[in-house]
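Following: one structure in structure tokens, then a few remarks.
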2 protein chains.
Amino acid sequence: MTDATTGAPPLVHEVLAAVLQVRQGSLRVLLWERAMEPHAHRWSLPGGRLRADEDVEASIRRQLAEKVDVRQVSHVEQLAVFSAPERVPGPRVVATAFLCLVPSHLDPELPEDTAWQPLSALPRPAFDHESIALRARNRLRAKLSYTNIGFALAPPVFTISALRELYSAALGYRVSATNLQRVLSRRGLLEPTGQTARPGRAGGRPAAQFRFADSTMAVTDPFAVLKPPADERGK
Amino acid sequence: MTDATTGAPPLVHEVLAAVLQVRQGSLRVLLWERAMEPHAHRWSLPGGRLRADEDVEASIRRQLAEKVDVRQVSHVEQLAVFSAPERVPGPRVVATAFLCLVPSHLDPELPEDTAWQPLSALPRPAFDHESIALRARNRLRAKLSYTNIGFALAPPVFTISALRELYSAALGYRVSATNLQRVLSRRGLLEPTGQTARPGRAGGRPAAQFRFADSTMAVTDPFAVLKPPADERGK
DNA sequence: ACAAAAGTGTTCAAAATACACCCATGA
DNA sequence: TCATGGGTGTATTTTGAACACTTTTGT
């Protein structure tokens with residue numbers, strides 16, 4: 001706000017969403033194929049221009065509504081600002097990117113040009129959208145470890161082995177059901193529903209069903225180390 | 001980028017810095033007292049308007065140069081976007097906020113209207129700057145736990161008890177020198193210089209001096225839990 | 001009865017906290 | 001030699017990973 005009204009160059013602020021979901025055993029991101037230049041036939045994150053009467057979060061929710069039912073999005077959080085002057089051709093566009101999650105049991109209707117693409121093999125992405133998508137994946141992976149964000153990937157009720165598959169897909173490596181169960185239980189994130197799921201055709205013991213105790217994001221392991229001393233920790 | 005050139009309302013993008021330093025045993029933030037409206041006599045974070053040829057990080061470094069010597073800033077990272085439509089009076093301004101750190105041994109020359117204010121008792125802050133400053137503090141606190149970010153608060157060479165004071169001030173609770181030493185050493189963050197500091201007037205054993213092995217930020221405790229299984233963890 | 005899947009008990013290892021005690025210096 | 005701050009050794013606790021074994025089902 002130093003140089004007040006110096007014939008300011010045009011500036012557009014856009015919001016972009018990396019909407020992630022685990023489908024068919026892999027972590028995927030919602031992309032649409034650009035029909036027109038610039039970057040025709042390359043794949044873009046959904047998003048659009050920030051309007052005058054909304055903040056960035058309201059904006060991304062509105063824009064997303066054009067692609068997926070917003071009620072299906074279980075978590076939205078700011079990721080970062082992308083502002084390289086030439087990040088898109090033409091007039092300058094600064095972008096605020098978001099990480100959004102959709103639980104695995106939902107399969108929203110999508111427009112023709114839109115698809116869930118695996119993060120491990122993205123088709124030619126537009127602009128800087130690949131790095132945004134990968135940043136979203138990294139954020140999700142980190143948060144699976146020290147928050148309850150798993151609730152946003154999972155259906156309302158699930159078995160431990162189903163949850164294990166979600167975590168494995170999102171993290172990119174095999175997670176042990178035993179340990180997953182214990183870690184999440186000790187932290188009080190999981191609560192048993194009392195129900196059990198019927199085993200598959202191959203038999204096997206019926207699996208107990210659980211739900212997440214909370215469905216808003218919270219940090220559950222606040223300090224990895226350097227915790228306050230025991231007496232100051234009490235409250 | 002949906003509604004392309006619809007007589008767009010004016011939009012300004014500013015960058016703001018929460019510059020933190022530990023001084024006199026407490027964590028402080030650099031603020032300047034506004035002389036003029038709006039919010040005259042309230043305290044603002046330094047910052048200013050994003051220019052056409054720079055990205056947000058370049059911009060904050062440039063703006064900061066007007067307040068403190070940029071070479072004295074040991075760390076800069078994006079915090080978040082603040083975009084409530086009415087966050088400042090007048091034409092709309094979207095802000096990208098940064099967390100910046102200055103090591104405790106430096107005492108940059110400051111303009112007349114600028115001062116280091118304790119985060120625990122901020123004077124009347126302007127606009128939404130208090131929440132930005134507090135967000136910066138929280139980010140710093142979290143990162144002290146799982147990254148090497150301490151390097152950015154400490155002088156190039158220091159004793160463990162000096163480092164303990166920095167961590168205590170930043171975290172807001174007493175940190176044990178013994179454990180601090182061990183945790184940082186085990187992670188390979190600290191290296192001994194071989195030098196010792198002369199004891200104070202009251203005597204006492206001379207303290208060994210250390211330095212941080214690295215002075216760019218790195219995550220040192222990547223997964224609190226749900227680590228990959230041992231065999232997949234190797235590389 | 002047996003295979004398959006789920007769940008529990010137990011062991012093991014690592015890492016962090018707590019605390020006691022020893023070390024090196026100034027007065 | 002004693003008070004003062006610094007450092008090390010060690011015990012305790014917590015937490016997560018690994019693995020063996022039991023439970024419950026379908027065929």
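Owing to the predicted nature of the structure, the values given are computational and were not obtained by experimental measurement. Lettering follows sequence order; numbering is per chain, from 1. In what follows, every heavy atom counts, from backbone to side chain, and hydrogens, waters and symmetry copies are set aside.
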Quick check: B/F158 with B/F212 (ring centres under 6.0 Å apart)?
yes
Rounded to whole Å, how long is the line connecting atom OH of A/Y167 with atom P of D/dG16?
13 Å
For the residue pair A/E54 / A/S59, report whether a side-chain donor-acceptor contact shorter than 3.5 Å exists.
yes
B/Q63 side chain to B/A58 backbone, donor-acceptor under 3.5 Å:
no
For A/P103 against A/Q72, the heavy-atom pair lying closest together:
CD-O, 3.2 Å
Closest of C/dT17, C/dA27, D/dA17 to the B/R201 side chain is C/dA27
Contact letters for nucleotides 4-12 of chain C, in which S counts primed atoms plus P, OP1 and OP2 and B counts the base, heavy atoms under 4.0 Å
BBBSBBB--
Nearest whole angstrom, please: distance from the P of D/dG6 to the CZ of B/F158.
14 Å
Going by distance alone, is a donor N or O of one side chain under 3.5 Å from an acceptor N or O of the other, for A/S176 and A/R174?
no
Value in whole Å for how far the P atom of D/dG5 lies from CD of B/E165
11 Å
What's the CG-P distance between B/L190 and D/dT8, to the nearest Å?
12 Å
Atom CZ of B/R186 to atom C1' of D/dG9: distance rounded to whole Å?
15 Å
Would a distance-only check, ignoring hydrogens and angles, find a side-chain to backbone donor-acceptor pair under 3.5 Å from B/N148 to B/A218?
yes
Figure out the CG/P separation between B/N179 and D/dA11, and round it to whole Å.
16 Å
Gap between atoms CG and C1', on A/L189 and D/dG16 respectively (whole Å)
15 Å
Whole Å only: how far is the CZ atom of A/R164 from the C1' atom of D/dG16?
18 Å
